[in-house]
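This report concerns only the one structure given below.
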Amino acid sequence: MRLPRPASALARFALLFPLIAPAAAAEWKKHVVTEAGRNMTAVAADFTGDGLVDVIASLPGRVVLFVAPDWREVVLHRHANPNATCIHSECWDIDGDGHVDWIGSEARGGPFWLENPGDGTGAWAARTIDSDIRGIHCLLKADIDGNGRFEVIINNFEPEGVLADSIAWFRVPENPRRAGHWDRFVFADGDARGGSHYFGFGDIDGDGRGDIAAAAKGAPFEDGNWFAYWTNPGPGAVEGPWPKTVVAEDQTAATNILVGDINGDGIADLLASRGHGEGVLWFEGPDWKPHEIDPEMRSPHSLVLADLNGNGHLDAATCGYESKVVAVYWNDGAGNFTKQVLDEDQESYDLRAVDMNGNGRLDLLNAGRASANVAWYENPGP
């Protein structure tokens with residue numbers, strides 16, 4: 001009888017500590033972009049065309065570009081209300097002129113976009129997208145109809161108005177500079193009630209088309225507290241509502257949901273958070289079995305799903321505006337996560353994975369809400 005070979009020291013270590021990721025021991029350096037005031041959303045791109053990544057954030061009464069590398073402040077837009085802020089935003093070249101534009105919305109107002117003139121000035125013209133939406137909470141860019149160009153998904157947070165309890169996607173018109181509105185397609189027609197929050201986009205059912213997931217927080221609405229997705233029916237069905245699948249109910253204060261293969265089995269899963277309550281978790285497709293990642297994280301209102309250490313597995317990150325903790329959750333490839341705390345004195349309403357310094361690694365850009373700052377955390381790599 002042949003006895004098994006004794007395990008090596010490294011193998012014995014792996015058995016004892018199976019979830020310690022190599023990158024987890026490295027410290028992420030915090031860089032402050034601005035401390036100019038309360039803000040809900042920040043995005044990053046090369047807005048000036050100099051090859052450096054800049055930041056646009058929404059501050060009270062204004063939308064501001066912070067130009068790298070010294071974060072010089074350029075005011076792009078001023079709201080009529082000096083206290084108004086945008087609660088979410090996106091950026092891409094909307095009009096096809098080679099300059100990255102910005103899109104956002106006042107929390108209680110309609111969506112609009114700012115046209116980047118490409119000349120380095122702050123005179124970015126504001127243009128309307130839709131005048132019927134009120135109470136927006138999320139905007140997400142995605143190629144919804146498979147035409148190779150970005151569209152934008154926008155919700156109507158309030159249970160009133162023309163688009164009450166609904167979510168729509170919008171196609172950029174042929175001449176967005178002159179158009180009075182974008183083409184609107186309502187896919188969640190009155191069935192997104194309960195304070196719908198943030199979206200995820202991806203091929204959930206494996207048919208090659210991108211589906212749209214959403215979460216609803218509930219209070220102060222009388223219902224909500226769910227995670228769900230709407231199945232993209234494909235070409236020819238853009239005018240009508242999409243079929244809805246409820247992933248989970250009784251999820252108190254649900255806010256965020258993102259699509260990705262978390263356990264490496266080739267089937268789409270969903271990463272989620274209860275951003276007005278407690279907990280980060282994931283749902284295993286196709287039956288949506290829940291797995292708690294961090295049930296005690298308070299108010300994880302921002303969420304990221306990305307391969308942060310380059311090992312081919314999707315990791316997670318969040319920041320709790322109540323707990324003030326910024327954390328990365330390292331995925332071992334099978335859906336088991338190890339938590340690494342990056343900061344314990346930082347709020348957030350919006351967290352993005354973006355390569356801020358051009359070294360090929362995804363960093364974390366954080367819009368600081370009541371921390372009254374925008375900061376980014378430098379990924380040290382594996």
Minimal non-hydrogen separation, Ser89 against Thr41, with atom names: OG-OG1, 2.7 Å
How about [X] and [Y]: are their ring centroids closer than 6.0 Å?
| X | Y | value |
| --- | --- | --- |
| Phe185 | Phe170 | no |
| Phe283 | Trp288 | no |
| His301 | His88 | no |

Pair Glu160-Asn156, side-chain hydrogen bond (donor to acceptor under 3.5 Å, both in side chains): steps then yes or no: CA-CA 9 Å; Glu160 57 189 28; Asn156 195 89; over 6 Å; no
Let me check something: do Ile129 and Trp102 share a hydrophobic cluster, defined by ILVMFWY side-chain heavy atoms less than 4.5 Å apart, either directly or through other members? no
Identify whether Val43 and Trp124 are in the same connected component of the hydrophobic contact network (ILVMFWY, side-chain heavy atoms under 4.5 Å). yes
Is a side-chain donor-acceptor pair under 3.5 Å present for [Y] with [X]?
| X | Y | result |
| --- | --- | --- |
| Thr231 | Asp211 | no |
| Asp343 | Tyr377 | yes |
| Ser302 | Asp350 | no |
| Ser299 | Glu322 | yes |
| Thr252 | Asn225 | no |

Do Glu106 and His79 have side-chain heavy atoms sitting under 4.5 Å apart? yes
Is any NZ, NE, NH1 or NH2 atom of the basic residue among Glu115 and Arg177 found under 4.0 Å from an Asp or Glu carboxylate oxygen of the other? yes
Is a salt bridge present between Asp132 and Arg184, judged by a nitrogen-to-oxygen distance below 4.0 Å? yes
Given Asn256, which of Phe199, Phe227, Tyr198 fulfils the side chain to side chain contact (heavy atoms under 4.5 Å, CB included) condition? Tyr198
For Asp143, give me all partners under side-chain hydrogen bond (donor to acceptor under 3.5 Å, both in side chains), at least two apart in sequence or on another chain. none
Using the side-chain hydrogen bond (donor to acceptor under 3.5 Å, both in side chains) criterion, which residues pair with Asn373? Sequence neighbours excluded. Gln346
Are Lys339 and Tyr329 in a cation-pi setup, meaning NZ or CZ lies under 6.0 angstrom from the ring centre and within 45 degrees of the ring axis? no
Tell me whether Lys244 forms a cation-pi arrangement with Trp226, defined as NZ or CZ under 6.0 Å from the six-membered ring centre and within 45 degrees of its axis. yes
Do other residues, nucleotides or ligands put more than 12 heavy atoms under 6.0 Å from the NE2 atom of His181? no
For the CZ atom of Arg149 and the CD1 atom of Ile94, what is their distance to the nearest 0.5 Å? 13.5 Å
